Structures are given as structure tokens and as C-alpha cells.
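Before any comments, here is the structure.
Excluded from the calculations below are hydrogen atoms, water molecules and symmetry mates; all remaining heavy atoms, backbone and side chain alike, are included. All values derive from a computational prediction rather than experimental measurement.
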Amino acid sequence: LRTEIMALKQISSNKCFEGFQKVFEHDSIELKCKMRFGIYLPPKAEIGKCPVLYWLSGLTCTEQNFITKSGFHQAAAEHGLIVVAPDTSPRGCNIEGEEESWDFGTGAGFYVDATEEPWKTNYRMYSYIKDELPKLIKANFPADSERMSIFGHSMGGHGALILALKNPGKYKSVSAFAPICNPVQCPWGKKAFGGYLGSDLTKWEAYDATNLVKSYPDSHLDILIDQGKDDQFLSAGQLLPDNFIAACTERKIPVVFRLQQGYDHSYFFITTFINDHIRHHAKYLNA
């Protein structure tokens, strides 16, 4: 209940495709710091409740990358979707080492709830995205909280997949651009999970999409994944989509995996296919 009386401070507001792209700041209970999120309110939000699509960004990103680079606004306006883009980690917690590397600490929350010192007090991005943020959105905006979907890029693609797989029925649909599909097996994942979750591999597996899909209770989840074929992180073994696809196939979970010729890991790739993803989610959110 405390979430609902927490004040939101508007940082910016820009009219865009007859709706408004806004950024707000609030004091997060889960993360114990000030957090920002972007929210696009489509024109339809003026007259009634709209479904909510959550976007999770990748390493080094803030709420700004997606809202300024992806070009999602026109499709979101047409389909009447509120789109929420949170930050990727707590900020300014004064934890020793949080600014030392780009793939751990600030900008690299990995959408897990840390269990290790000194991270466990603030680094609770999983609970922030799953519980605190939706409550905040429901309390302050014309959001239909029964209709939610989630998508993301890279580390955020990992976040979107695990949130959908760990919470059957919570999200109507899920999609991802170049997600980290099997973090327990890749260098990024090993570094982050080791730091945030310690050495117990069962804790790691609880946040690994390839592992989670093996115990997903039913097939009512339509997964769309786009992956650039010329993505430097694909060839470096950081993303491992083949492991995830194999696990989905074995469990008969429907997944559309598209390997896109010539595309890399950047927002140029995301902006090319963003409309397909918005359509994918709108099909379920507006059903």
C-alpha cells in the first residue's frame, strides 16, 4: 500500500503522435534509491484505461535509450498501448565497486534480486519490475493492470523472458531482441550471477530462461525473438539462443525465432523490427 502514496515527480513531458512521452522520478521501496522511468501515454489514455507494455533495456542503458532511439511511439499510439521503460539498475547507492565495470553494478542490474553483500539491499530489479513498478503505474495512470505484456533487448531480453516464464499468466505475451538466453553458460551471466547471487548454481538457474522454460507449466505463451545475424555478442557466445530454442522445442512452447541477416546488436536493429513486436503484443493485449 505504501507504493501508492509515493509521490511521482515529472521530469519531462513531450507530445508525440498525439500522446505524451513522459519521464518520472520516484523513491523506490525495493531499490532504496531514486528511480526514473519513461512512460508513453497514447491518445487513447485520455478517454479510458489502456493495456501496459513493459520494455526492459540492456547493459549500460537508462530509461532514455528506448524512448529516444527505438521509434516505438507511432505503433504504440495506433494500438493504444501505454509503454513503460524503467531504468536498468539502482542508481547512486554508493556501493563500493558499483561503477567499476560496464557489465556489473550500475546499468547492469540483470533483473535479479541479489542475495549477496553488498548488493542485496538495493539490487532488487526483479521485484521492482514484477511488483513495485506495476503498482505504481496502476495507482497513477489510466492503466488496465489485468492486461500487461513485456519485452526487452539483450540483458533486458533476458529480463523479459524470465519475468514471463517465472510468472505464468501475469503477462499476455513476451518478446525480445537479441536476448541473453542462457546466462548461466555465458561470461556476462557468470560474472553478474556470481556477484549478485553467489556460488549456489540453483539460485542462478532460477533466473535463466533456458532452464526456466523446462519447467514452464503450459504452452500458453507466444514468444517472439529477433536476433541479428551479425551481432558481435552472438558470435562471442554471450546470447546462446540455440540453447533456448532447443528447450522450447522440447517442451512444445511456441517460439518464433527470426535470425535477421546483416543486423547487429544496436538500436538500428531494434528500430527496424519494433513495429512487428508492438503488433505481436497488441494482438494479445487488445484481444
Looking only at atom types and distance, does a side-chain atom of [X] sit under 3.5 Å from a main-chain N or O of [Y], one as donor and one as acceptor?
X: S89; Y: G109; answer: no
X: N122; Y: P90; answer: no
X: E30; Y: E132; answer: no
X: N65; Y: C61; answer: no

What pairs with R258 under side-chain hydrogen bond (donor to acceptor under 3.5 Å, both in side chains), at least two apart in sequence or on another chain?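 Checked R258 against side-chain hydrogen bond (donor to acceptor under 3.5 Å, both in side chains); matches are D226, D276.
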
Residue set satisfying side-chain hydrogen bond (donor to acceptor under 3.5 Å, both in side chains) with H73, at least two apart, ordered chain then number -> Q21

Is it the case that one hydrophobic cluster holds both [X] and [Y], taking links as side-chain heavy atoms less than 4.5 Å apart, direct or via other members?
X: V255; Y: I150; result: yes
X: Y216; Y: I225; result: yes
X: F20; Y: L8; result: no

Could you list the cluster mates of L224? Members are the ILVMFWY residues connected by side-chain heavy atoms closer than 4.5 Å, either directly or through other members.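 Via sub-4.5 Å side-chain contacts, L224 links to V256.
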
If you group Ile, Leu, Val, Met, Phe, Trp and Tyr whenever their side-chain heavy atoms sit less than 4.5 Å apart, what else falls in with I270?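 Besides I270, the cluster holds I11, F17, V23, Y40, L53, W55, F66, I67, F72, L81, V83, F151, F177, Y263, Y267, F269, F273, I274, I278, L285.
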
Can you confirm whether the side chains of H281 and S173 place a donor and an acceptor under 3.5 Å from each other?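 The answer is yes; a qualifying pair exists.
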
Taking the side chain as every heavy atom from C-beta outward, state whether [X] and [Y] have any pair of such atoms under 4.5 Å apart.
X: P86; Y: L56; value: yes
X: V52; Y: D144; value: no
X: T115; Y: K203; value: yes
X: I137; Y: I39; value: yes
X: K32; Y: C93; value: no
X: K130; Y: K170; value: yes
X: M125; Y: M35; value: yes
X: T106; Y: R91; value: yes

If I take atom [atom1] from residue [X] and atom [atom2] from residue [Y], how far apart are they, to the nearest 0.5 angstrom?
X: R147; Y: N286; atom1: CZ; atom2: CG; answer: 6.0 Å
X: R36; Y: S28; atom1: CZ; atom2: OG; answer: 14.5 Å
X: E63; Y: F37; atom1: CD; atom2: CZ; answer: 10.0 Å
X: Q227; Y: L259; atom1: CD; atom2: CG; answer: 6.5 Å
X: L221; Y: K172; atom1: CG; atom2: NZ; answer: 12.0 Å
X: Y171; Y: S149; atom1: OH; atom2: OG; answer: 9.5 Å

Which heavy atom of [X] sits nearest to which heavy atom of [Y], and what is that distance?
X: A114; Y: L197; result: CA-CD2, 4.3 Å
X: S154; Y: G58; result: CB-CA, 4.5 Å
X: H277; Y: A176; result: CE1-O, 3.5 Å
X: K283; Y: D222; result: NZ-OD2, 4.0 Å
X: A75; Y: N275; result: CB-OD1, 3.6 Å
X: P179; Y: H158; result: CB-N, 3.9 Å

With a 3.5 Å cut-off and sequence neighbours excluded, list the donor-acceptor pairs that the side chains of residues 233-245 form with protein atoms.
{"residue": "S235", "atom": "OG", "partner": "Q232", "partner atom": "O", "Å": "3.1"}
{"residue": "Q238", "atom": "OE1", "partner": "W188", "partner atom": "N", "Å": "2.9"}
{"residue": "N243", "atom": "ND2", "partner": "N182", "partner atom": "OD1", "Å": "2.7"}

Below 4.0 angstrom, N of the basic side chain to O of the carboxylate: do D131 and K135 qualify? no

Listed by chain and number, what are the side-chain contact (heavy atoms from CB on, under 4.5 Å) partners of S266, not counting sequence neighbours?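 Here the qualifying residues are D264, F268.
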
Kindly indicate, with the supporting measurements, whether the criterion side chain to side chain contact (heavy atoms under 4.5 Å, CB included) is fulfilled by V174 and L161. CA-CA 7 Å; V174 61; L161 292 172; 4.2 Å; yes

Going by the side-chain hydrogen bond (donor to acceptor under 3.5 Å, both in side chains) test, which pairs reach into residues 43-54, not counting sequence neighbours?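 Qualifying pairs: none.
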
I'd like to check the salt bridge (charged side-chain N to carboxylate O under 4.0 Å, His left out) partners of [X]; sequence neighbours left out, ordered by chain and number.
X: K9; value: none
X: K191; value: D103
X: E117; value: K120
X: K166; value: none

Any chance you could lay out the side chain to side chain contact (heavy atoms under 4.5 Å, CB included) test for I223 and I253, step after step, and finish with the verdict? CA-CA 8 Å; I223 305 170; I253 305 263; 3.9 Å; yes

Show, in sequence, the C-alpha distance, side-chain angles and deciding distance for H153 and S57, and conclude whether the side-chain hydrogen bond (donor to acceptor under 3.5 Å, both in side chains) test is met. CA-CA 5 Å; H153 170 231; S57 286; over 6 Å; no

Candidate pair K229 and Q260, rule side-chain hydrogen bond (donor to acceptor under 3.5 Å, both in side chains), full reasoning: CA-CA 5 Å; K229 197 166 182 210; Q260 304 288 7; over 6 Å; no

Return each pair, listed once, that meets ring-ring contact (aromatic ring centres under 6.0 Å, His included) where at least one residue sits in residues 116-147; pairs must be two or more places apart or across chains.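 The answer is F24-F141, H26-Y128, F104-W119, W119-Y123, W119-Y196, Y123-Y196, Y126-Y207.
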
Decide side chain to side chain contact (heavy atoms under 4.5 Å, CB included) for L41 and K22; before the verdict, give the C-alpha distance in whole Å, the side-chain angles of both, and the deciding distance to 0.1 Å. CA-CA 8 Å; L41 299 164; K22 295 174 181 276; 4.0 Å; yes

Is the count of non-hydrogen atoms from other residues, nucleotides or ligands lying under 6.0 Å from E146 atom CD greater than 12? no

Take T62 and D87, measure what side-chain hydrogen bond (donor to acceptor under 3.5 Å, both in side chains) needs, and give me the verdict at the end. CA-CA 5 Å; T62 67; D87 204 344; 5.2 Å; no

